[in-house]
Amino acid sequence: MASKKHETKLLDELEDGPWPSFVKGLKRLRDSEDKQYAPMMNDLLGQLEHSYETTRGYWKGGTVSVFGYGGGIIPRFSEVAKDYPESKEFHTLRVMPPAGMHYDTDVLRKLCDIWERHGSGLIAFHGQSGDIMFQGATTENVQHAFDELNEIGFDLGGAGPALRTSMSCVGHARCEMSNFDEARALRSVINEFLDEMHRPALPYKFKFKFSGCPNDCVNAIHRADFAVIGTWRDDMKVDQTEVKAYIDEVGRKYMIDNVIARCPTNALSLNDDDTLDVDNSSCVRCMHCLNVMTKALSPGDDKGVSILIGGKRALKIGDLMGTVIVPFMKLESDEDFEKFTEFAERIIEFFAENALEHERIGETIDRIGLTHFLEGVGVDIDPNMIRHPRTNPFVRTDDFDEAAEQWKERKKHRAEGEDNIREDFVAAE
Amino acid sequence: MASKKHETKLLDELEDGPWPSFVKGLKRLRDSEDKQYAPMMNDLLGQLEHSYETTRGYWKGGTVSVFGYGGGIIPRFSEVAKDYPESKEFHTLRVMPPAGMHYDTDVLRKLCDIWERHGSGLIAFHGQSGDIMFQGATTENVQHAFDELNEIGFDLGGAGPALRTSMSCVGHARCEMSNFDEARALRSVINEFLDEMHRPALPYKFKFKFSGCPNDCVNAIHRADFAVIGTWRDDMKVDQTEVKAYIDEVGRKYMIDNVIARCPTNALSLNDDDTLDVDNSSCVRCMHCLNVMTKALSPGDDKGVSILIGGKRALKIGDLMGTVIVPFMKLESDEDFEKFTEFAERIIEFFAENALEHERIGETIDRIGLTHFLEGVGVDIDPNMIRHPRTNPFVRTDDFDEAAEQWKERKKHRAEGEDNIREDFVAAE
Amino acid sequence: MSEEKQQPRRPIECGVPDPMQYMHPVLKANYGNWAWHDRMRPGVLHHVSKTGDEVWTVRAGTQRQMDVYTIRKLCDIADTFAEGHVRFTTRSNIEFMVSSQDKVEPLIGKLTEEGFPVGGTGNSVSMISHTQGWLHCDIPGTDASGVVKSLMDMMHQEFIKEEMPNRVRITTSCCQINCGGQGDIAINVQYTKPPVINHDLVANVCERPAVVARCPVAAIRPAMVNGKATLEVDEKKCICCGACYPPCPPMQINSRESTKIAIWVGGKHSNARSKPTFHKLVMANLPNNPPRWPEVEEVVKKILYAYKENARDWERVGEWIERIGWPKFFDLVDMPFTHHHLDDYRGARTSLNASAHIHF
Amino acid sequence: MSEEKQQPRRPIECGVPDPMQYMHPVLKANYGNWAWHDRMRPGVLHHVSKTGDEVWTVRAGTQRQMDVYTIRKLCDIADTFAEGHVRFTTRSNIEFMVSSQDKVEPLIGKLTEEGFPVGGTGNSVSMISHTQGWLHCDIPGTDASGVVKSLMDMMHQEFIKEEMPNRVRITTSCCQINCGGQGDIAINVQYTKPPVINHDLVANVCERPAVVARCPVAAIRPAMVNGKATLEVDEKKCICCGACYPPCPPMQINSRESTKIAIWVGGKHSNARSKPTFHKLVMANLPNNPPRWPEVEEVVKKILYAYKENARDWERVGEWIERIGWPKFFDLVDMPFTHHHLDDYRGARTSLNASAHIHF
Ligand code: SRM
Ligand code: SRM
Ligand code: SRM
Ligand code: SRM
Ligand code: SF4
Ligand code: SF4
Ligand code: SF4
Ligand code: SF4
Ligand code: SF4
Ligand code: SF4
Ligand code: SF4
Ligand code: SF4
């Protein structure tokens with residue numbers, strides 16, 4: 001079975017240099033002659049070298065799954081299997097990591113062992129959607145690998161037109177900016193809708209992402225259909241002694257140019273005595289001043305989340321970011337989490353029923369208009385959803401007065417601190 | 001001929017109050033029983049009262065012109081002439097004012113006298129496009145009034161699908177912000193293309209407006225097809241003594257909050273010794289700091305204009321502002337003015353030949369794309385034309401390298417201080 | 001007067017008159033050579049040239065639609081109390097230039113006495129951009145002169161004082177075409193329903209293909225009614241823009257029931273600080289209620305005073321709202337936020353809040 | 001191993017694992033209770049909780065695509081020099097948490113010795129967002145791993161130092177789909193020509209109506225070639241987006257001649273200061289030149305160092321360019337500005353400079 005090692009002239013050039021080399025890693029696997037994956041990795045290197053020579057890819061898709069699930073595997077069959085037969089099947093298992101990507105060495109070693117037995121020995125920590133990607137299994141071994149991973153508490157992630165693997169930032173675990181329990185939120189939603197992940201039946205993919213604050217360390221607004229961003233409603237906390245300490249350190253001019261003048265809404269003013277005025281009602285929670293002065297400034301106490309819907313990348317209509325749909329909801333008590341999950345379900349159902357084939361929810365909103373979307377998911381309108389009201393007069397307004405009545409109702413709820421998710425909502429059939 | 005005075009119950013309510021009342025004026029004219037216009041103004045008041053009662057207008061258009069011209073008159077025939085026969089014809093002569101709207105009392109009195117003889121006695125100073133509007137002449141009197149106005153040096157303005165009356169700000173005449181001779185620029189262009197004004201033959205209207213600086217006191221960017229805005233290329237002038245005087249007056253905090261922090265591009269920094277740092281290469285000539293500190297700051301010496309094309313109001317595709325087409329050109333020497341007029345001609349010709357019927361130039365650009373427009377008018381591309389380059393990858397780029405060569409050429413010209421209007425340009429037939 | 005018919009007079013195409021012949025001598029002498037200015041009191045500008053020359057300008061409001069008596073009165077004042085030279089501003093205010101400061105107060109006194117409010121400078125509410133309306137236009141939904149007069153009466157004190165955070169430039173438009181343009185506050189006719197077609201007239205009056213082409217959303221199609229070639233409107237598509245009405249008056253877009261007033265805020269032409277902006281919808285469906293439009297007055301007043309009380313120095317209306325956020329703005333003025341405020345026209349996507357920048 | 005066929009194992013749908021079981025004890029104890037942080041040196045974060053607990057995090061770069069040997073080596077280091085707990089960041093860096101400061105230096109020493117660069121924190125260039133490319137994807141135009149390795153070698157010093165004005169987050173994408181997402185700098189495959197159709201295959205492989213529907217500009221239409229039902233592309237309309245290729249591989253969008261690399265700048269996810277933005281085109285038509293893509297490296301380097309030398313503290317790449325203006329940016333990096341930079345897709349209007357805000 002031990003065929004000759006392929007030449008890898010071009011790839012070899014990627015062994016040099018200070019950054020860790022994936023080619024070295026691939027070769028280590030190829031050279032582990034006692035391991036079942038060595039021949040596969042030899043041909044894999046061969047095919048890859050061939051790609052480098054011809055500037056073309058040679059994989060095609062297909063259908064592979066594990067028993068009981070429809071998704072979670074990215075099947076790859078080689079188009080040049082004739083020349084590289086051992087890697088003719090090189091499928092990936094997308095496996096969901098613990099929320100926040102925490103590991104101990106024990107579990108990492110177990111993952112390696114399993115993949116050494118059934119796979120190529122090549123693992124990516126992590127894919128752009130957050131999966132651990134166990135790359136390079138034969139069709140037969142996909143099931144074996146999965147079974148063992150599943151036994152130690154891991155499950156497949158998403159692929160195809162399905163709920164996808166989610167990510168949350170480190171947040172609560174190690175970050176003072178965090179405004180909600182990101183890991184709990186992620187697990188509440190994803191573990192509730194595993195069926196949508198494992199048995200792809202949505203119009204297209206659907207992604208959740210969770211960032212503890214508007215720094216958005218998991219890129220949720222751009223890269224999630226449903227982005228959850230931590231924020232707070234009350235005043236930020238200011239420690240004036242630390243403010244002064246900061247000014248002492250950096251100087252007044254630096255403070256003015258880098259903090260005061262950089263606030264996007266002119267919510268900050270430096271007093272002549274080096275204390276800081278914060279106009280909290282103008283502050284948009286951009287995080288900048290808190291980021292700069294980590295000791296002096298911190299989020300308030302009335303924490304919660306904003307939900308933005310509709311982010312995706314370029315395909316078809318061009319890039320979309322999420323739009324604010326829920327400006328604020330609390331996410332602390334069990335009831336909050338229940339409501340949150342119920343709302344997520346509402347959105348997924350709306351998506352399942354109203355999106356066209358291969359249409360992301362952001363594209364649906366773009367097609368049907370925000371108003372119809374809000375009606376379809378039982379969300380009350382809020383000015384935070386928009387940068388500004390319409391600038392053109394092209395709208396039929398003869399029902400303006402009725403709509404104004406609804407706003408009055410909404411305002412009453414808001415005055416009581418309620419969010420804009422209608423509780424009594426029943427989706428239209 | 002003296003019919004009974006119409007009741008004007010509703011209009012009467014507009015006689016009260018501290019603001020000068022147009023109703024009083026109309027009544028004064030009605031009550032000038034020795035004047036030819038008294039009966040006309042009685043019926044005019046009657047029809048207007050009828051409009052107030054029914055909330056409807058009762059004028060319709062038609063065709064009226066003076067001998068030798070096709071445009072400049074807004075014809076109005078009453079739909080309720082039966083009830084108000086004396087004002088059944090109530091046409092307006094649009095007459096161009098002196099650039100900057102300067103008058104002496106002598107000429108104003110002459111204008112009144114003429115209109116007393118041949119019109120209604122009602123004159124608007126000025127219409128939104130800048131015309132003196134002599135409102136209310138019979139079809140027959142239109143010619144008489146025009147003849148006399150024309151004899152004392154006034155000419156009709158624009159109406160219909162034609163070059164329109166233009167406006168320039170007070171500028172050079174009384175404003176330290178002014179960066180070019182607005183009145184000369186206006187007169188150079190308009191008086192060169194009077195034929196396009198007096199004999200409407202364009203696809204739709206075409207307006208020029210001239211503001212001496214980016215404060216844009218004539219609303220050119222929104223309201224002109226061809227907006228000319230004064231600006232400067234070198235550093236602004238700073239009088240540090242006046243800066244300090246200003247800070248002494250208003251206080252440091254005020255200065256920081258109202259000047260430093262309000263600069264849109266963070267081009268200003270206050271030194272600890274109360275002098276001002278200006279980063280002129282970041283400054284976008286927004287005018288704010290100059291407006292606030294009129295004594296301390298003023299425009300530089302290397303003055304000129306920016307040209308923006310395509311502004312218009314809401315009809316059809318929605319409001320458009322002009323887009324920067326020429327970021328900077330000098331407008332001082334006779335040659336500069338010649339080039340400027342030549343360029344204006346190029347744009348008008350392009351418009352005449354390429355716009356659809358009833359399409360403004362801004363709509364044409366929107367339809368054909370900026371690239372094709374620039375090619376059509378012989379203007380080199382410049383990054384100041386856009387807020388930012390494209391964010392989507394939807395463009396065919398196999399000719400990128402050739403285009404890059406053109407850019408190199410352009411850069412050479414720019415390095416020599418030249419504008420981006422191609423001199424060797426010949427319009428495609 | 002009959003010889004004209006025999007021998008029509010050829011126009012002298014003299015074009016735009018040279019302003020130099022009418023210009024105040026100090027302005028002329030210092031043309032292009034001004035150094036700085038300040039304002040000694042509302043309604044008065046004081047400009048100093050690089051040679052040290054000075055000129056004082058007194059600005060006063062007019063009704064724009066002036067009878068010859070009013071104009072002559074202004075001329076009398078200019079001759080007696082000023083120096084015989086005036087100019088009009090882009091907002092139909094009149095300006096009297098004088099070369100010595102001591103002429104300022106008497107001039108103000110006389111103007112005030114004669115009912116011409118002195119003001120409109122600096123951080124005041126200047127005269128409203130004025131359009132034609134029922135007085136002259138062929139497609140108006142309301143009367144501009146009446147609306148402007150009513151509102152300027154209400155805001156008179158704000159014209160003669162400079163107590164606003166920054167200048168306030170208000171516009172009116174008597175139909176959706178918007179000849180009055182964009183404003184810090186704009187008071188515009190809003191059609192609230194699709195046009196109602198008078199089928200009997202269409203055939204005679206309208207060039208049908210041209211009308212079909214005018215509709216931005218392709219809501220008009222040719223139709224036959226009672227055997228006549230006419231047009232019909234798809235009411236689901238129609239965005240009530242009124243573009244079909246000028247070329248085809250039988251497509252009646254105006255009616256007592258459907259012609260309403262909408263209020264817009266945040267239009268800005270200047271490039272100071274922020275880039276120029278369009279105004280944004282605040283309030284729709286206000287009654288078109290002559291002779292004084294009290295409901296409109298009420299709304300404008302609320303917005304104006306919310307701005308006056310809450311905005312910071314130099315903030316224009318739109319900039320103020322940007323800072324405090326639309327939620328707070330709608331609360332402060334106590335007006336409803338409805339689905340009509342959500343843009344759904346082309347490019348609407350860019351008006352969505354695609355960020356976590358949220359105002360609480 | 002044959003019993004499985006008889007009795008397939010049912011999956012346990014356990015979903016996302018609970019992180020608490022693997023989390024470093026100090027993190028767990030202070031979950032949701034952190035007070036502030038600072039950075040003592042590049043690659044190290046120091047977090048202090050409200051109870052006064054402290055934790056030091058050491059961040060190191062990996063190749064993401066790791067062989068089990070590399071992973072085990074990282075585990076060995078974690079066990080010997082740290083406390084047995086690690087996490088991975090959104091950018092495939094590994095983080096070692098330790099509860100006492102004296103463990104930091106030895107840990108850094110060991111990681112460095114073993115070839116894992118310590119850095120990626122604060123104002124550094126962190127690891128590039130990594131996609132699949134030739135190694136695994138079915139539609140790639142280039143190889144992500146190779147591009148990332150080449151660039152990270154070039155930028156190694158900027159990873160281990162914190163000398164940038166603000167964080168730099170770079171992304172790669174091996175096709176126009178852009179799985180790598182938006183970046184301060186983005187290196188993406190750009191198709192430069194319409195797809196070339198293999199008509200023989202279309203009939204068998206592609207669901208033609210679905211492919212026609214996928215095209216955003218309706219450039220694809222059904223056609224007959226040599227008697228076979230196939231598709232054709234209107235090259236005038238085609239915007240070379242590649243959306244037709246995944247559902248119909250015979251619509252070959254990739255070729256040595258047409259698959260190029262484009263460089264984008266100014267993407268930003270955070271809401272800090274400015275709202276999140278998309279990246280913008282800077283350079284197109286760069287050769288797809290494995291194994292080290294030197295032309296791409298060159299362009300990225302120029303941009304990176306122009307930013308490093310010219311931007312102010314806290315300015316992200318896009319914010320820096322906003323301030324200095326695009327003209328100056330193109331000059332500083334010495335790259336061409338062409339008509340390709342002008343947007344002409346839907347909503348292009350909003351990218352035009354409709355203001356007198358001009359950079360000289
Ligand atoms: C006289 C007039 C020009 C003319 O040719 O007629 C004029 C004259 C001056 N304008 Fe203006 N502006 C005039 C219409 C405008 C307009 C157009 C309009 O009102 O329709 C604008 C744009 C408004 C907008 O953005 O929608 C305009 C935006 C400005 C600005 C920018 C203010 C801002 O912060 O946005 C300044 C700067 C300033 O005041 O500091 C300015 C500054 C000035 C100065 C101070 C310039 C100078 O140094 O002389 C002049 C006196 C202003 C004052 O009233 O205190 N002028 N100015 C116009 C008076 C109109 C009126 O009667 O009210
Ligand atoms: C008289 C005036 C309003 C006023 O009371 O001041 C006016 C009145 C009319 N405008 Fe206007 N426009 C007037 C300035 C404007 C402006 C302001 C400007 O020029 O700065 C605009 C916005 C800028 C622009 O050009 O877009 C303006 C945008 C329009 C439009 C919309 C054009 C568009 O493309 O969106 C129309 C409709 C059309 O032309 O078909 C229009 C059409 C009209 C018509 C001719 C209505 C019609 O189609 O039959 C109005 C005739 C009224 C009458 O009986 O006198 N008027 N119109 C202004 C001209 C006076 C003058 O000559 O000085
Ligand atoms: C570990 C990680 C989260 C995780 O769950 O894995 C993380 C951790 C922190 N981020 Fe982040 N960010 C992480 C990815 C991101 C991303 C996403 C990305 O890189 O793809 C972003 C958005 C980037 C963008 O805008 O495109 C991000 C934008 C920020 C910002 C906003 C900076 C700005 O001015 O725009 C801050 C604030 C700051 O640094 O002051 C921040 C701040 C932080 C802090 C300081 C929060 C804290 O108090 O602990 C953490 C240490 C930052 C550091 O490196 O110095 N983090 N952070 C991610 C590390 C990625 C890496 O290995 O390089
Ligand atoms: C593996 C991964 C790249 C990586 O190396 O990390 C990846 C790889 C592929 N992506 Fe992706 N995407 C990956 C994260 C993303 C992301 C980033 C994210 O989730 O934050 C995006 C942008 C966000 C978004 O969802 O829009 C992304 C946007 C796409 C799209 C464009 C979707 C759109 O609506 O614009 C496609 C095309 C499609 O689905 O038809 C796509 C399709 C694909 C396919 C399935 C190609 C195809 O259509 O056959 C790729 C399979 C490669 C393979 O052989 O493994 N991938 N893809 C990432 C998933 C790993 C994981 O599960 O953790
Ligand atoms: S998104 Fe906010 S809470 Fe989460 S890790 Fe980043 S800075 Fe911390
Ligand atoms: S968080 Fe952002 S918006 Fe709020 S005060 Fe700080 S800098 Fe300003
Ligand atoms: S536009 Fe500028 S130059 Fe002209 S009057 Fe206004 S401030 Fe003066
Ligand atoms: S003119 Fe405007 S952009 Fe320039 S420095 Fe002054 S405030 Fe800043
Ligand atoms: S806004 Fe409309 S109604 Fe008023 S003058 Fe202009 S075109 Fe006529
Ligand atoms: S009102 Fe506007 S949208 Fe409606 S039919 Fe007329 S042109 Fe079309
Ligand atoms: S960017 Fe394109 S080629 Fe690369 S992994 Fe994603 S889908 Fe595949
Ligand atoms: S590349 Fe894009 S635009 Fe061209 S045919 Fe394919 S889907 Fe249509």
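Each chain gets a letter, A, B and so on, in the order the sequences are listed, and its residues count up from 1.
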K.L.:
Salt-bridge test for B:R387 and D:D343: reply yes if a basic N is under 4.0 Å from a carboxylate O, no otherwise.
P.N.:
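Between D:D343 and B:R387 there is no salt bridge, as every charged N stays at least 4.0 Å from the carboxylate O atoms.
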
K.L.:
B:K411 and D:D334: side chain to side chain contact (heavy atoms under 4.5 Å, CB included), yes or no, with the steps?
P.N.:
CA-CA 10 Å; B:K411 266 180 87 172; D:D334 194 23; 3.3 Å; yes

K.L.:
Report the distance from atom CG of D:N353 to atom CD1 of B:I325, rounding to the nearest 0.5 Å.
P.N.:
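Going from CG on D:N353 over to CD1 on B:I325, the span is 10.0 Å.
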
K.L.:
Can you give me the closest heavy-atom contact between D:A356 and B:I229, atom names plus distance?
P.N.:
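Where D:A356 meets B:I229 most closely, the heavy atoms are CB-CG2, 4.0 Å.
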
K.L.:
Where does B:R410 contact chain D at under 4.5 Å (heavy atoms): side chain, backbone, both or neither?
P.N.:
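No part of B:R410 comes within 4.5 Å of chain D.
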
K.L.:
Highest number of heavy-atom pairs under 4.5 Å with chain B: which of D:D331, D:T277, D:I324?
P.N.:
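Answer, by heavy-atom pair count under 4.5 Å with chain B: D:D331.
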
K.L.:
Test side chain to side chain contact (heavy atoms under 4.5 Å, CB included) on B:L374 and D:L342 and set out the steps.
P.N.:
CA-CA 11 Å; B:L374 296 177; D:L342 303 180; 4.1 Å; yes

K.L.:
Quick check on the interface: out of D:W264, D:Y191, D:F278, who has the most heavy-atom pairs with chain B under 4.5 Å?
P.N.:
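Looking at each of D:W264, D:Y191, D:F278 in turn, D:W264 comes out on top.
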
K.L.:
Between B:S282 and D:H359, which heavy-atom pair has the shortest distance, and what is it?
P.N.:
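In terms of heavy atoms, the two residues are closest at O-NE2, 3.4 Å.
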
K.L.:
Which answer fits D:A284, side chain, backbone, both or neither, if we ask what part of it has an atom under 4.5 Å from a heavy atom of chain B?
P.N.:
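Both backbone and side chain of D:A284 come within 4.5 Å of chain B.
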
K.L.:
For the CD atom on B:E332, are there more than 12 heavy atoms of other groups (residues, nucleotides or ligands in this structure) within a distance under 6.0 Å?
P.N.:
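Yes, because the 6.0 Å sphere around CD of B:E332 holds more than 12 heavy atoms from other groups.
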
K.L.:
Using non-hydrogen atoms and a 4.5 Å limit, figure out which bit of B:N266 sits close to chain D: side chain, backbone, both or neither.
P.N.:
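Both parts, backbone and side chain.
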
K.L.:
How close do B:P393 and D:Q190 get, heavy atom to heavy atom, and via which atoms?
P.N.:
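Minimum heavy-atom separation between B:P393 and D:Q190: O-NE2, 2.9 Å.
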
K.L.:
Verify side chain to side chain contact (heavy atoms under 4.5 Å, CB included) between B:C286 and D:H357, making sure each step is shown before the conclusion.
P.N.:
CA-CA 6 Å; B:C286 87; D:H357 285 202; 3.5 Å; yes

K.L.:
Would you check if B:P389 and D:F330 make a side-chain contact, meaning some heavy-atom pair closer than 4.5 Å?
P.N.:
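Of all side-chain heavy-atom pairs linking D:F330 with B:P389, at least one is under 4.5 Å.
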
K.L.:
What part of D:S355 gets within 4.5 angstrom of chain B, counting heavy atoms only: side chain, backbone, both, or neither?
P.N.:
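For D:S355, backbone heavy atoms alone lie under 4.5 Å from chain B.
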
K.L.:
For the pair B:I365 and D:R349, evaluate side chain to side chain contact (heavy atoms under 4.5 Å, CB included) and give the outcome as yes or no after the intermediate values.
P.N.:
CA-CA 9 Å; B:I365 298 175; D:R349 204 197 282 182; over 6 Å; no

K.L.:
Heavy-atom cut-off 4.5 Å, strictly under: side chain, backbone, both or neither for D:V217 against chain B?
P.N.:
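Neither part; nothing is under 4.5 Å.
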
K.L.:
Can you measure from CG (B:D279) to CZ (D:R323) and round to the nearest 0.5 angstrom?
P.N.:
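The distance works out to 5.5 Å.
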
K.L.:
Could you give all pairs that pass the ring pair (Phe, Tyr, Trp, His ring centres under 6.0 Å) test and reach residues 302-330 of chain B, with sequence neighbours left out?
P.N.:
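For residues 302-330 of chain B: B:F328-D:F360.
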
K.L.:
Roughly how far, to the nearest 0.5 Å, is the CG atom of D:L281 from the CZ atom of B:F394?
P.N.:
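Atom-to-atom, B:F394:CZ and D:L281:CG are 13.0 Å apart.
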
K.L.:
Which one wins on heavy-atom pair count under 4.5 Å against chain D: B:L320, B:T265, B:I386?
P.N.:
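Maximum pair count with chain D is reached by B:I386.
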
K.L.:
If you compare all heavy atoms of B:D401 against all heavy atoms of D:N285, which two are closest, and at what distance to 0.1 Å?
P.N.:
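Closest approach of B:D401 to D:N285: OD1-ND2, 3.5 Å.
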
K.L.:
Is B:I317 in contact with chain D via its backbone, its side chain, both, or neither, using a 4.5 Å heavy-atom distance?
P.N.:
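Both parts, heavy atoms under 4.5 Å.
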
K.L.:
With the side chain counted from C-beta on, respond yes when B:V324 and D:I358 share a heavy-atom pair under 4.5 Å apart, and no when they do not.
P.N.:
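Result yes, sub-4.5 Å side-chain heavy-atom pair found.
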
K.L.:
So which of B:Q406, B:R285, B:H222 has the largest heavy-atom pair count under 4.5 angstrom toward chain D?
P.N.:
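That would be B:R285.
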
K.L.:
Checking B:S281 against D:K328 for the side chain to side chain donor-acceptor pair (under 3.5 Å) test, could you report, in this order, the C-alpha distance in whole Å, the side-chain angles of both residues, the deciding distance, and whether it holds?
P.N.:
CA-CA 8 Å; B:S281 75; D:K328 181 144 180 209; 3.1 Å; yes

K.L.:
Main chain of D:K193, side chain of B:D398: is a donor-acceptor contact present, judged purely on distance under 3.5 Å?
P.N.:
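Absent.
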
K.L.:
Count the heavy-atom pairs under 4.5 Å between each of B:E375, B:R414, B:E405 and chain D, then report the option with the highest count.
P.N.:
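Highest number of heavy-atom pairs under 4.5 Å: B:R414.
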
K.L.:
To the nearest 0.5 angstrom, please state how far the CG atom of D:L352 sits from the CD1 atom of B:I309.
P.N.:
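Rounded to the nearest 0.5 Å, the CG-CD1 separation comes out at 12.5 Å.
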
K.L.:
Under 4.5 Å from any heavy atom of chain D, what part of B:K408 do you find: side chain, backbone, both or neither?
P.N.:
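No part of it gets close to chain D.
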
K.L.:
I'd like to know if the side chain of D:W326 and the backbone of B:N384 have a donor-acceptor N/O pair within less than 3.5 Å.
P.N.:
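Not at all, since once roles are kept as given, no pair shorter than 3.5 Å links the two residues.
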
K.L.:
So, D:H340 versus B:D399: side-chain donor-acceptor pair below 3.5 Å or not?
P.N.:
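Yes, a side-chain donor-acceptor pair sits under 3.5 Å.
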
K.L.:
Please give me the minimum heavy-atom distance between B:D382 and D:F337, naming the atom from each residue.
P.N.:
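Reported closest heavy-atom pair: C-CE2, 3.4 Å.
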
K.L.:
To the nearest 0.5 Å, tell me how far D:H339 NE2 sits from B:T397 OG1.
P.N.:
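Atom-to-atom, D:H339:NE2 and B:T397:OG1 are 10.0 Å apart.
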
K.L.:
Return the option, out of D:K260, D:R312, D:E322, D:M335, with the maximum number of heavy-atom pairs under 4.5 Å with chain B.
P.N.:
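Most heavy-atom pairs under 4.5 Å with chain B: D:R312.
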
K.L.:
Closest heavy-atom contact between B:V395 and D:C240?
P.N.:
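What the structure gives for the nearest pair is O-CB, 4.4 Å.
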
K.L.:
With chain D, which of B:R396, B:M321, B:M287 has the greatest number of heavy-atom pairs at distances under 4.5 Å?
P.N.:
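Greatest number of close heavy-atom pairs with chain D: B:R396.
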
K.L.:
Check whether any side-chain heavy atom of D:T338 sits under 4.5 Å from a side-chain heavy atom of B:E402, and report yes or no.
P.N.:
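No. Closest side-chain heavy atoms not under 4.5 Å.
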
K.L.:
By a 4.5 Å heavy-atom criterion (distance strictly below it), what part of B:C213 contacts chain D: side chain, backbone, both, or neither?
P.N.:
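It is neither, since no heavy atom gets under 4.5 Å.
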
K.L.:
Against chain D, work out which of B:G322, B:P214, B:G369 has the most heavy-atom pairs shorter than 4.5 Å and name it.
P.N.:
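Counting heavy-atom pairs under 4.5 Å, the top option is B:G322.
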
